[in-house]
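In what follows, a structure is listed as structure tokens, so that the remarks can point back to it.
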Amino acid sequence: MTGTVQATVKMTCQRCLEAVDVPLQTHLVLGFSQSEEALEELPDALEPYLLEEEEIPLADVLEQELILALPIVAYHPACQQAEYQTIPETVVSEPEKPNPFKVLEQLKGQVKKSD
Ligand SMILES: [Zn+2]
């Protein structure tokens, strides 16, 4: 069996936890058999599909293939952008370094004073 399945499913956005539409498309190239031995002899191009009974409803096959095509996580495009944006490193306020020119000025002043 060969063909293409397209569907839009609802998943939970992993950032805002609201429903998000996930478009799925998967190309099927399946070889069916009730015997595991027969499946092993299928050409590599065919994805083996073990049948428990002689017939299987088409909807069941498509449902399983779509489940396999589901992404592990889903995000709204905007949520995904926010999720993967690099969090700016918190700016640690460094102790003020003495301005080298000021230090020079101070030295000059000291030199003058010692004069
Ligand atoms: Zn979201």
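Just so you know, ligand 1 is whichever comes first in the structure, and atom 1 is the first atom listed for that ligand.
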All heavy atoms of L66 vs all of L24, minimum pair found to be O-CD1, 3.7 Å
Tell me the ring-ring contact (aromatic ring centres under 6.0 Å, His included) pairs involving residues 10-45, sequence neighbours left out? F32-Y49
Would you indicate whether the side-chain heavy atoms of V61 and L30 approach each other to under 4.5 Å? yes
Which protein atoms of type N, O or S are found under 2.8 Å from the Zn ion (ligand 1)? C13 SG, C16 SG, H76 ND1, C79 SG
May I ask you to list the residues sharing a hydrophobic cluster with L42, side-chain cutoff 4.5 Å, ordered by chain and number? V29, L39, L46, L50
Who clusters with L17? Use side-chain heavy atoms, under 4.5 angstrom, across I, L, V, M, F, W and Y, and order the result by chain and number. none
Evaluate whether atom CD of Q81 has more than 12 neighbouring non-hydrogen atoms of other residues, nucleotides or ligands under 6.0 angstrom away. no
